[in-house]
There are 2 protein chains.
Amino acid sequence: MKKGHQVTMKEIAKKLGVSVSTISRALKDSPELHPDTKKRIVEMAKEMNYQPNLLAQSLRISRTNTLGVIVPEITSHFFASCISGIQDHANKRGYNVMICQSNETLELEKANIRTLVASQVDGLLISLSRETNQYDHLLDLYNREIPFLLFDRVNEDIPVSRVTFNDEGGAYEVTKYLIKTGCKRVMYVSGPEDLYISKKRKEGYLHALSEFGITADPALVKISDLTTEGNIKVAQEIADMENRPDGVFCMIDPVAIDILTSWKAMGIKVPTDMALAGFTNNPTAAVVEPPLTTVAQPGYEMGKLAVTHLLDQLDGQASDDPISIVLETTLVPRQSTKALQ
Amino acid sequence: MKKGHQVTMKEIAKKLGVSVSTISRALKDSPELHPDTKKRIVEMAKEMNYQPNLLAQSLRISRTNTLGVIVPEITSHFFASCISGIQDHANKRGYNVMICQSNETLELEKANIRTLVASQVDGLLISLSRETNQYDHLLDLYNREIPFLLFDRVNEDIPVSRVTFNDEGGAYEVTKYLIKTGCKRVMYVSGPEDLYISKKRKEGYLHALSEFGITADPALVKISDLTTEGNIKVAQEIADMENRPDGVFCMIDPVAIDILTSWKAMGIKVPTDMALAGFTNNPTAAVVEPPLTTVAQPGYEMGKLAVTHLLDQLDGQASDDPISIVLETTLVPRQSTKALQ
DNA sequence: CTGAAAGCGCTAACAG
DNA sequence: CTGTTAGCGCTTTCAG
C-alpha cells in the first residue's frame, strides 16, 4: 500500500507564483508580510488541504516537540493513569508523546531509549523496569545531555529529577492504621528486595512499628516475586504459620488480592482472622469482597507533575538542577481491616 | 535545557577521511564496499557512539516506520491490552508506535489524526470515540490514501479494513446461557443506541430470545449512559420494577459491576434474586462478589491482528482491499449466574 | 569500490 | 514586504 501524495509548500508556492519562504512566513503568521498575500496563501493552503510535514520542520529546527515515555507495563492501571496525565498536559503545551513499554525487562528498556533518542525526542520520562539494576543506559543519556527524568520507579544515584510518591509515608500510615485497629502482629509482604518501593515501604512499616514500641520480628516479613503463583505461595505460608500475624500489609494491591482469594478458598476470614491491606488503590481493590483497605496513589497527577517539570526544564522555566518531587498518598480505609474504635 | 550534540555521519566521515556516502553505505552493510573500510567505519561509529537521526532518514526515504494509534481511553484495561498487542507486534516488525487518546471526544480524535498525519506516520490504527457520529475526518484519510484501519469501535460505512469481535455471537451466547440456567425474563442493559456495540450486542440478545421462542419485551431493554450515575439509576429502576427480570445482561462489565454494587446495598441477592452478566471480562469482573459471568474479549490478540494486517497491507503482503476480521469471544461462566443443571 | 551531487520539506539569515 | 540561498542529516543516483 502506498501513501498518497501530500501537498507541500513548494506546490502552493508554484500555484500562487510566490516563493516558498513567503509561504512559510504566511503559514506561521509572520508580521513582516503583506496582509493580502498572507490571506491568499492561507486560503490556498486550506483549499489544497495542506498539512505541514513535521518531520522536515523538526529536522530543520532540531526540535520535535515530542517527548518519549517508557513505562514497565501499559496494562497496569496505575501506569495507564500516569500516561494519561502525561499526554493531556504535554498536548496542552503543544507536545506529542511517544509511549513505549519495557515489559519489565532491562533489554527492552534500553531498546526503547535507543529508538526514542534516534527519533530525536526532546526529552524522556522514564519509569524503570523491575529488572533494571544497572544504569549505564541512563548515565549515557545523562552524559549526552538528553533531558530526562524518572518517575515512580526511580533510582536515586542518577543526578536527574525524579517524581515519586511518599512511599515511606504511605506505608507508615497504613501500618499505623492496622495497629490502631487492633493488630498486634503486623506482617509486611514485600516484593523483591532490590526494588525501590520494596525498600521504601518497608521503612514506613518499620517506622510505624517502632513508633508503637513494637519490636520488628523477621518472621513477620515475607517476600513475594509478585507473580500470582508467588503470591499464592505466600498466602499458604502465612496460613501455615504456627503463630500467624493478625494483620498483613502487602506492598501492592495485586498481592493482597491474590492472598485474599487464596484465604477465602481456605476459609480464612478477613478481617476477623487476619486484617489485610494493600497499596496503590487499583480499581479491583474497591470491588473485592471485602473491599480492600489500601493507599491511593494518584497516577494522573504524577504524570502531570512529571511532564510539567520536564517541559519547564526544556523551555527554561525551571532550573536544570535535578529536583525531587514527592507526592503524598492517601489512606483509603475499607472493610478488609477492622474499624477504628 | 539544551540537548547535547549528537554525532553525525559527517563527523565520522571527516575523522576517517572518507565521504559521507561511504559512511552511509557502511552503516547499512552495503555489499559494494571494501570489507576493511566497512570495518573501520563501523568501529569508529561505535566508538563515537553514533546514533542515526531517524528524522533525517525518514524525510529522505519518506517512510517513518512509525504507526499511529488512537484509542478512546488508555486507562481502560481492554484498550491498554490492545495497545500492548499492537506495540509488541509492531516492534517485532521494526515499527514504532505513537499512541494517542481521544478521551471519547470527536474533537480530540480529529486533532490526534491531524498530528499523527503531520508526523508522517506510515499508517493509523483507530478505535472511534463514543462521540464520533460523523466521519469526514476518516473519509479525508481515505481520500488522501493514508493507510488506516478501524478496530473494536468501528464504523461500517468507511471502505477500510476493520477488526472487531463477534459481538453479536458473544451476546447471543451469554443470553442463551442465562436462559439455560433458568432465567425466564432476561433483560438487556444497553449503552447509547447509536454505538456500534450497543446494536450488535442487542442483536445477539434478541437472537437468543427468539431461538428459545421468547417474545422480546420492550420493558426488558434499558439504556444507560454508561456513567456510574447512569448505571446506578438503571439499577434502581430495575429494583423498582413491578415485574422484575430474573436475569440481566449488561453491555459492558462496568455497568454490571455498578448494578451489582447498588443491588448489594439494597439487599438484592445475585444470582438468587436476579442473575447478572457482563461483557469484556475486565480484571474487576473476576474479583467482585459474586464473581461476574461475562464474555472475554482478548484485547492483546485484537491489537496483534490489527497491526499485523495493517503492516501486511503496507508492505504488500496483503491486498489493499478492505477486509473484516472478526475475533471470537469466549463465555466466562462465574457465580453471578446460576449453574447449569 | 568510493566520491560528488542532488534533494526529501522546511526555516532562517541575508539581500534587496 | 519578498525572493534567494544555504542547510538540517541522511540516502541514492550517477560518475569515475
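For clarity, every value in this text was computed on a predicted model and none was experimentally measured. Naming: A, B, ... by sequence-line order, numbering from 1 per chain.
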Enumerate donor-acceptor pairs with a distance under 3.5 Å from any side-chain N or O in residues 77-84 of chain B to protein atoms, sequence neighbours excluded.
| from | atom 1 | to | atom 2 | distance (Å) |
| --- | --- | --- | --- | --- |
| B/Ser81 | OG | B/His77 | O | 2.8 |
| B/Ser84 | OG | A/Gln101 | NE2 | 2.9 |

With a cut-off of 3.5 Å and sequence neighbours excluded, list every side-chain donor-acceptor pair involving residues 47-54 of chain A.
| from | atom 1 | to | atom 2 | distance (Å) |
| --- | --- | --- | --- | --- |
| A/Asn49 | ND2 | B/Asp140 | OD1 | 3.3 |
| A/Asn53 | OD1 | A/Leu55 | N | 2.8 |
| A/Asn53 | OD1 | A/Ala56 | N | 3.2 |

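Not a single ring pair (Phe, Tyr, Trp, His ring centres under 6.0 Å) links B/Tyr142 to another residue, sequence neighbours left out. The side chain to side chain donor-acceptor pair (under 3.5 Å) check on A/Asn143 picks up nothing, with sequence neighbours excluded.
Checking C/dC1, D/dC10, C/dG9 against every side-chain atom of B/Ala56, the shortest atom distance belongs to D/dC10.
Put simply, CG on B/Leu59 is 13 Å from P on D/dC8, counting in whole angstrom units. Between the NZ atom of A/Lys10 and the P atom of C/dC10 there is a distance of 10 Å, given to the nearest Å. The distance between atom CD1 of A/Ile61 and atom P of D/dG9, rounded to the nearest whole Å, is 13 Å. Straight-line distance from the CG atom of B/Asn65 to the C1' atom of D/dC10: 15 Å, rounded to whole Å. Between B/Leu16 atom CG and C/dT2 atom C1' there is a gap of 13 Å when expressed in whole angstrom units. The nearest whole Å value for the distance from the CD1 atom in A/Ile12 to the C1' atom in C/dG9 is 12 Å. Rounding to whole angstrom units, CD of residue B/Gln57 and P of D/dT12 are separated by 9 Å. For A/Met9 and D/dT5, the CE to P distance is 19 Å, given to the nearest whole Å.
In terms of heavy atoms, B/Phe165 sits closest to B/Pro298 at CE2-CD, 3.4 Å.
Scanning residues 36-52 of chain A for heavy-atom distances under 4.0 Å to DNA chain D yields A/Thr37. DNA chain D lies under 4.0 Å from at least one heavy atom of each of the following residues of residues 18-26 of chain A: A/Val18, A/Ser19, A/Ser21, A/Thr22, A/Arg25.
In this structure, a donor-acceptor pair under 3.5 Å is absent between the side chains of B/Asn96 and B/Thr66.
B/Leu125 has its side chain out of reach of B/Ile70: every pair of non-hydrogen atoms, C-beta onward, lies at least 4.5 Å apart. Side-chain contact check for A/Tyr95 versus A/Asp122: some heavy-atom pair is nearer than 4.5 Å. Side-chain contact between B/Val163 and B/Leu327: present, with at least one pair of heavy atoms (C-beta onward) separated by less than 4.5 Å.
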